[in-house]
Asks: 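This is the structure I have questions about; it appears just below.
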Amino acid sequence: MRILYYDCAPYNGTQTLPVSGESKTFSSSGAWLQQLAERPLFAVRIGQLKFRGFALDSVPTPPNPLSDANFRPVFQQKGVDMRIGLDIATYSAATRIDRIALVVGDTDLVPAMKHARRAGIQVVLVQVAAYHIAPELKRHADFVRSVPLP
């Protein structure tokens, strides 16, 4: 058995704040992803985290002026769904596996799930604690297994 983990490293970069025009540097380490990749039977697939601007988070009430604190940074994970889909297709075509367990919430993976099932692979969705799984995902899975958080 192999565990494939898909994520992206934290965003590192400098951006201009929307009100003050000052620079804000985002910096964080993705060292934990490297540590995870070094574990036995783990493979880590890395996408990218893109900065997409600032979104208004709260509207100040008069007499308070609009400030940088009223905004939150918006990030978007890119390339992860494609990596998951390609791995599902590759493993399904190789027919060396019987079952794929997915801990996902993104309906972009439905085509890959359908591909795996057509290849005879069982698709199991893992529902962690009380997180909601979209009905579209459930329709294209053979089983849904719930896992409580400690």
Side-chain angles (χ1 to χ4, degrees), residues 1-19 24-60 66 68-150:
M1 183 179 348
R2 176 172 295 135
I3 298 170
L4 304 177
Y5 181 80
Y6 303 82
D7 206 341
C8 58
Y11 178 77
N12 288 296
T14 301
Q15 300 297 330
T16 302
L17 293 172
V19 176
K24 167 140 177 93
T25 300
F26 297 91
S27 64
S28 188
S29 170
W32 65 276
L33 289 169
Q34 181 62 39
Q35 292 169 355
L36 188 61
E38 293 171 2
R39 296 182 63 111
L41 300 176
F42 263 81
V44 176
R45 308 284 202 259
I46 303 293
Q48 290 186 331
L49 192 62
K50 299 284 188 178
F51 177 77
R52 296 298 188 215
F54 289 94
L56 187 62
D57 198 32
S58 62
V59 178
L66 188 66
D68 292 328
N70 297 113
F71 292 84
R72 62 176 169 73
V74 177
F75 300 102
Q76 184 180 24
Q77 192 178 61
K78 300 298 291 177
V80 172
D81 291 345
M82 180 61 74
R83 286 169 174 81
I84 295 171
L86 285 170
D87 280 343
I88 289 173
T90 301
Y91 279 99
S92 297
T95 62
R96 289 185 281 186
I97 60 169
D98 299 318
R99 181 177 299 142
I100 294 173
L102 298 169
V103 183
V104 298
D106 195 336
T107 58
D108 288 348
L109 294 175
V110 166
M113 294 168 67
K114 290 169 85 171
H115 177 77
R117 291 178 80 195
R118 280 192 299 267
I121 308 299
Q122 288 182 353
V123 176
V124 180
L125 284 177
V126 179
Q127 183 172 9
V128 179
Y131 288 97
H132 175 74
I133 293 179
E136 300 93 315
L137 288 170
K138 289 180 180 180
R139 282 195 292 271
H140 298 288
D142 294 300
F143 305 101
V144 177
R145 299 285 188 245
S146 295
V147 177
L149 288 177

Asks: Do V103 and V128 make a side-chain contact, defined as non-hydrogen atoms from C-beta onward lying under 4.5 Å apart?
Replies: yes
Asks: Are side-chain heavy atoms of L102 and V124 found at a separation under 4.5 Å?
Replies: no
Asks: Return the set of residues passing salt bridge (charged side-chain N to carboxylate O under 4.0 Å, His left out) with D7 (not counting sequence neighbours), or none when no residue passes.
Replies: none
Asks: Can you tell me if N70 and S58 form a side-chain donor-acceptor pair at under 3.5 Å?
Replies: yes
Asks: At what distance, to the nearest 0.5 angstrom, does CG of L36 lie from CZ of F42?
Replies: 5.0 Å
Asks: So, using salt bridge (charged side-chain N to carboxylate O under 4.0 Å, His left out) as the criterion, who are the partners of D98 when residues are at least two apart?
Replies: none
Asks: Within a reach of under 6.0 Å around CD of Q48, are more than 12 heavy atoms found that belong to other residues, nucleotides or ligands?
Replies: no
Asks: Does any non-hydrogen side-chain atom of L17 lie less than 4.5 Å from one of F54?
Replies: yes
Asks: For the atom pair CZ (R117) and CD1 (I100), what is the distance rounded to the nearest 0.5 Å?
Replies: 11.5 Å
Asks: I need the I3 CD1 to L41 CG distance, nearest 0.5 Å.
Replies: 7.5 Å
Asks: In this structure, are over 12 heavy atoms from other groups packed under 6.0 Å from Y131 atom OH?
Replies: no
Asks: Is the F26 ring parallel, tilted or perpendicular to the Y11 ring (thresholds 30°, 60°)?
Replies: perpendicular
Asks: Considering residues at least two apart in sequence or located in another chain, which fulfil the salt bridge (charged side-chain N to carboxylate O under 4.0 Å, His left out) criterion with D87?
Replies: R45
Asks: Around atom CZ of R39, are there more than 12 heavy atoms from other residues, nucleotides or ligands closer than 6.0 Å?
Replies: no
Asks: More than 12 non-hydrogen atoms from neighbouring residues, nucleotides or ligands closer than 6.0 Å to NZ on K114, yes or no?
Replies: no
Asks: Is L4 close to R83 at the side-chain level, that is, under 4.5 Å between some pair of heavy atoms?
Replies: no
